[in-house]
There are 2 protein chains.
Amino acid sequence: MSTTRLVVASYIALGVTARRGPTTSYDLKRYVAESIGYFWQIPHAQLYAEPQRLEDLGLLRSRSEEGGRRRRFFEITDAGREAFEAWLADPSTDAPELRDTGLLKLHFGALGTPDDVRALGEHQREVREERLQRFLEFEAQYDGRPGQEHQLLTLRLGQAYERMFAAFWQQVADSAEDLAEGRVGSIELRFLADEGERG
Amino acid sequence: MSTTRLVVASYIALGVTARRGPTTSYDLKRYVAESIGYFWQIPHAQLYAEPQRLEDLGLLRSRSEEGGRRRRFFEITDAGREAFEAWLADPSTDAPELRDTGLLKLHFGALGTPDDVRALGEHQREVREERLQRFLEFEAQYDGRPGQEHQLLTLRLGQAYERMFAAFWQQVADSAEDLAEGRVGSIELRFLADEGERG
DNA sequence: GGGGTAACCGTCCAACTTGTACGGTGCAGA
DNA sequence: TCTGCACCGTACAAGTTGGACGGTTACCCC
């Protein structure tokens, strides 16, 4: 943490602070848990270390409460806002990662039994449907205040995403036997068939 | 690395070794780079440390070449195979993660300009289409040898996945202005419309 | 055959990250 | 008043990371 390079957690801290005004690390932690955390966990220790570092770099400033909980509020500086906006304006990103142990188990499926694969498919479908359900509920909570449209869009993507995975895993479960017998061709992957015609 | 708990990298080492027979850490590194690595990077240092640890746990055994490169080959033991198969047979998994800086930038899109969002959308669409292209080429390389069906299925999912993201980002680019003016409702997310009717 | 270079193979380690344990404050309800 | 829970933050041991380094073999071109 002694380097001057900004990492993703830095921009989360800057972005949340820019949006919310005075923000404690605890606020940051909750913000992440309730939004970004659903697809990208940040260990909370980092959300305490990072704002400190950003203050040293002049991108945030802080003031602490005198009494009581002595909470420490961070605010974004002009330099911080500039750094954040430069990041936003740069469309390039690191290679996206997808850490899905279920897919890894499927990858190695041939080393197990068809029953393993079917059970995996069914369980993963359930998990994905629960997540979908949660995401649908989140959308209902949106209150239409301006400034949330972009989040809403990521939420919609999340919904589509979970739907796609649920459909995928359902097919995996349905075709576990076929797969084991080498008939991968018979799996149509219907869930993406309509997509193929998009032009 | 002194604990006895197995992590994902452990199962990758066990699985690849089970499938390939005698395997060096370097082989492991290449295997990961050419398959799993496209959605889940494992630092190579871990692929050297992990087999050593697994040998200490009795799940792998090794023998080293005498001369030349003194390569160290690992093989799976019965205990190792058992541990791996138990893992495969367990359909539960850790919460999947999706580390996508592009989505994060979109999340904070309201703090930037519509042009930022459009540029982001266009760039991300390109990136996704390149990945899709690569995945389509991979499929052409499959030789139909048995035992690869499960990988092929994950590859197909990867293709659907990239297609979906490409379509999503295209829409983001197309609707950057609408978004900035609060008209998120006008974004149909066509790319998932057909999905919605799935039972 | 010699020289260059690229792929092969592995180790090391300083810097960084992570999870977990801990310790305290303030509020609300029993 | 007491008890529990949400709030708020720190500390640090253990583990992870990426990049530098160093040697070997195969191959190609001259």
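Predicted model only: the values in this text are computed from it and were never measured. Just so we're on the same page: letters track the sequence lines, and every chain starts at 1.
- Between Tyr161(A) and Tyr161(B), the ring centre distance stays below 6.0 Å.
- Of all nucleotides listed (dG18(D), dC8(C), dG10(C)), dG10(C) comes nearest to the side chain of Tyr48(B).
- What separates OH of Tyr26(B) from C1' of dG22(D) is a distance of 15 Å, to the nearest Å.
- Remark: His107(B) engages Tyr31(A) in a ring pair (Phe, Tyr, Trp, His ring centres under 6.0 Å) (not counting sequence neighbours).
- As rounded to whole Å, 21 Å separates atom P of dG23(D) from atom CZ of Arg72(B).
- Each end of the helix from dG1(C)-dC30(D) to dA30(C)-dT1(D) gets its own axis from five base pairs, and the two axes differ in direction by 30°, given to 10 degrees.
- The main-chain N or O of Phe74(B) is never found under 3.5 Å from a side-chain atom of Thr23(B) such that the two would form a donor-acceptor pair.
- The nearest whole Å value for the distance from the CG atom in Leu47(A) to the C1' atom in dG9(D) is 13 Å.
- Ile42(B) has its CD1 atom 10 Å from the P atom of dG18(D), to the nearest Å.
- Distance from the side chain of His44(B) is smallest for dA20(D) among the nucleotides dA11(D), dC9(C), dA20(D).
- For Glu181(B), the salt bridge (Lys or Arg N to Asp or Glu O under 4.0 Å) partners are Arg183(B), not counting sequence neighbours.
- Candidate nucleotides dA20(D), dT16(D), dG9(D) were compared by shortest atom distance to the side chain of Thr24(A), and dG9(D) ranks first.
- Here the side chain of Lys105(B) pairs a donor or acceptor atom with the backbone of Ser92(A) at under 3.5 angstrom.
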